[in-house]
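Input: a single structure, listed below in structure tokens.
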Protein chains: 2
Amino acid sequence: MKKSAKRERFLNVALELIHKKGFKATTIRDIAQQLNFDVANVYNYIDSKQSLLETYLFSIQDEFHDSIDLVLGSTHTPKEKLRLVISSYIQITAKRPFEQALLANEWRNLKEPRLQVFLNRREDYENKVKTIIKEGITKDEFRKVDIEITTHTVMSSLRWVYLSYINPQSKINAEIIEQELTDFILAGIVKT
Amino acid sequence: MKKSAKRERFLNVALELIHKKGFKATTIRDIAQQLNFDVANVYNYIDSKQSLLETYLFSIQDEFHDSIDLVLGSTHTPKEKLRLVISSYIQITAKRPFEQALLANEWRNLKEPRLQVFLNRREDYENKVKTIIKEGITKDEFRKVDIEITTHTVMSSLRWVYLSYINPQSKINAEIIEQELTDFILAGIVKT
DNA sequence: TATTTACATCAACAATTGTTGATGTAAAAT
DNA sequence: ATTTTACATCAACAATTGTTGATGTAAATA
């Protein structure tokens with residue numbers, strides 16, 4: 001699949017539609033209509049409806065991995081590492097809120113064997129966060145929290161953020177999200 | 001619709017199936033097959049596929065509202081109120097993890113006008129949490145956090161908990177979830 | 001200039017979907 | 001004893017679905 005301006009537009013329109021209606025509820029005919037062209041023409045842009053979803057999900061998943069790998073490879077303290085992970089997570093979300101929404105809500109619609117690949121990769125990411133938290137506890141920077149629970153909680157705390165970037169009438173100032181969220185999460189973990 | 005033992009079983013089997021496959025992906029034929037009876041027989045238990053989803057969602061949504069109303073009507077301090085809300089939220093989740101999963105993932109499949117009712121009611125709940133946080137700030141028990149962001153974060157921190165009650169191979173001890181989560185959330189809010 | 005490429009339309013398919021009507025039967029209520 | 005109720009089966013519907021093959025055209029490439 002090439003990357004032309006037309007294809008770029010196609011992918012964006014389809015993405016917003018899938019976000020709005022949900023993947024299953026969005027038909028190829030819906031996408032075609034939204035773009036004002038024939039149903040069959042959709043297949044000049046994609047191989048299948050499934051592959052379309054895969055494109056979105058694996059692309060943004062890769063970006064998340066790249067960013068956390070950068071942090072993991074650094075020499076910062078655990079506290080600084082966690083702060084950086086939160087920061088980069090929010091930055092990616094700000095840049096690609098719709099794909100992040102799919103990541104949160106539509107991954108179930110993947111089919112095997114790609115679903116398994118996706119889930120393994122997601123677990124990888126969680127394990128990387130876990131590593132940071134473990135290191136923080138070992139180095140006595142973090143309280144002796146339950147690692148499983150804390151990892152889940154940290155991840156979940158971040159998962160709603162895309163909403164404030166998608167919804168234009170959101171009263172939430174996107175700029176202060178990072179500060180507030182970082183404060184909140186670190187307060188729950190860091191030793192005082 | 002009556003409440004017989006057979007209907008009870010039907011609702012439970014359908015619920016787990018819908019949770020596992022997703023609402024859209026679960027067909028009436030899937031449900032029938034899982035129960036080992038004919039497709040048409042399903043309609044002796046429900047009016048429509050839609051109404052089935054509504055049954056689950058509004059039922060557990062009501063329970064959440066009842067429990068937070070109890071807390072709001074009490075004379076506790078904001079900190080104690082928040083602790084009670086978290087506690088009752090987790091208890092409901094523990095009792096009805098599959099319905100909680102639908103609440104988190106499948107509400108989009110509701111159709112108008114019921115979708116609007118659901119969303120208004122969900123906003124109501126969030127506003128009730130907001131009220132507690134506001135009160136905590138006013139009474140100087142909580143830090144001067146951003147109310148919108150904090151409410152979202154608190155709610156999101158709780159939304160993953162059903163996983164540990166559904167997944168039997170979860171390494172997470174269900175008993176300590178409440179303690180850890182309460183600690184985490186309060187640490188992010190309470191003034192020290 | 002000749003040819004490949006990207007984008008577009010039309011018609012049609014096979015499969016899957018939620019739902020209904022007709023009909024039956026055993027148990028419960030009258 | 002009779003009638004209603006709860007639960008069950010069978011066959012069939014109309015609508016919607018993802019996808020394909022045949023065909024066209026304008027622009028980019030050779």
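All chains are named by letter (A, B, ...) in the order of the sequence lines, taking the proteins before the strands, and each is independently numbered beginning at 1.
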Consider only side-chain N and O atoms of B:E178 and B:S87, and report whether a donor and an acceptor are under 3.5 Å apart. yes
To the nearest 0.5 angstrom, please state how far the CD atom of A:E123 sits from the CZ atom of A:F118. 12.0 Å
Flag for A:Y162-A:N105: side-chain donor and acceptor within less than 3.5 Å: yes
Can B:F98 and B:I166 be said to form a side-chain contact (heavy atoms from CB on, under 4.5 Å), step by step? CA-CA 7 Å; B:F98 292 100; B:I166 282 179; 3.8 Å; yes
Write down the protein N/O and nucleotide N/O pairs, taken from nucleotides 7-9 of chain C, whose separation is under 3.5 Å; answer none if there are no such pairs.
{"unit_1": "C:dC7", "atom_1": "OP1", "unit_2": "A:S4", "atom_2": "OG", "d": "2.9"}
{"unit_1": "C:dC7", "atom_1": "O3'", "unit_2": "A:K6", "atom_2": "NZ", "d": "3.2"}
{"unit_1": "C:dA8", "atom_1": "OP1", "unit_2": "A:K6", "atom_2": "NZ", "d": "2.8"}
{"unit_1": "C:dA8", "atom_1": "OP2", "unit_2": "A:N41", "atom_2": "ND2", "d": "3.3"}
{"unit_1": "C:dA8", "atom_1": "OP2", "unit_2": "A:Y45", "atom_2": "OH", "d": "2.4"}
{"unit_1": "C:dA8", "atom_1": "O5'", "unit_2": "A:N41", "atom_2": "ND2", "d": "3.1"}
{"unit_1": "C:dA8", "atom_1": "N7", "unit_2": "A:N44", "atom_2": "ND2", "d": "2.7"}
{"unit_1": "C:dT9", "atom_1": "OP2", "unit_2": "A:D38", "atom_2": "N", "d": "2.5"}

What integer distance in Å separates A:D47:CG from D:dG18:C1'? 13 Å
We want to know whether B:R9 and B:S4 form a side-chain donor-acceptor pair, criterion being a heavy-atom distance below 3.5 angstrom. no
Between CG of A:L52 and C1' of D:dT19 the distance, given in whole Å, is 15 Å
Going by an N to O cut-off under 4.0 Å, is there a salt bridge joining B:K139 and B:E135? yes
Option passing side-chain contact (heavy atoms from CB on, under 4.5 Å) with B:K79 (candidates B:I132, B:I189, B:V190): B:V190
Do A:Y89 and A:Q100 pair up side chain to side chain, a donor and an acceptor below 3.5 Å, judged on atom types alone? yes
Does a side-chain N-to-carboxylate-O contact under 4.0 Å join A:E106 and A:K24? no
Side chains of A:N41 and A:D38: donor-acceptor distance under 3.5 Å anywhere? no
Distance in angstrom units between B:K49 NZ and C:dT17 P, rounded: 8 Å
Residues A:S156, B:R159; criterion side-chain contact (heavy atoms from CB on, under 4.5 Å); working and verdict: CA-CA 7 Å; A:S156 296; B:R159 236 191 293 278; 6.0 Å; no
What integer distance in Å separates A:N109:CG from D:dT17:C1'? 15 Å
Between C:dG18 (C1') and B:Q50 (CD): distance, integer Å: 11 Å
Using a 3.5 Å cut-off on both pairing distances, which stems of three or more Watson-Crick or G-U pairs include DNA chain C? C:1-13 with D:18-30, C:18-28 with D:3-13
Contact residues, residues 13-30 of chain B to DNA chain C [heavy atom, < 4.0 Å]: B:T26, B:T27, B:I28, B:R29
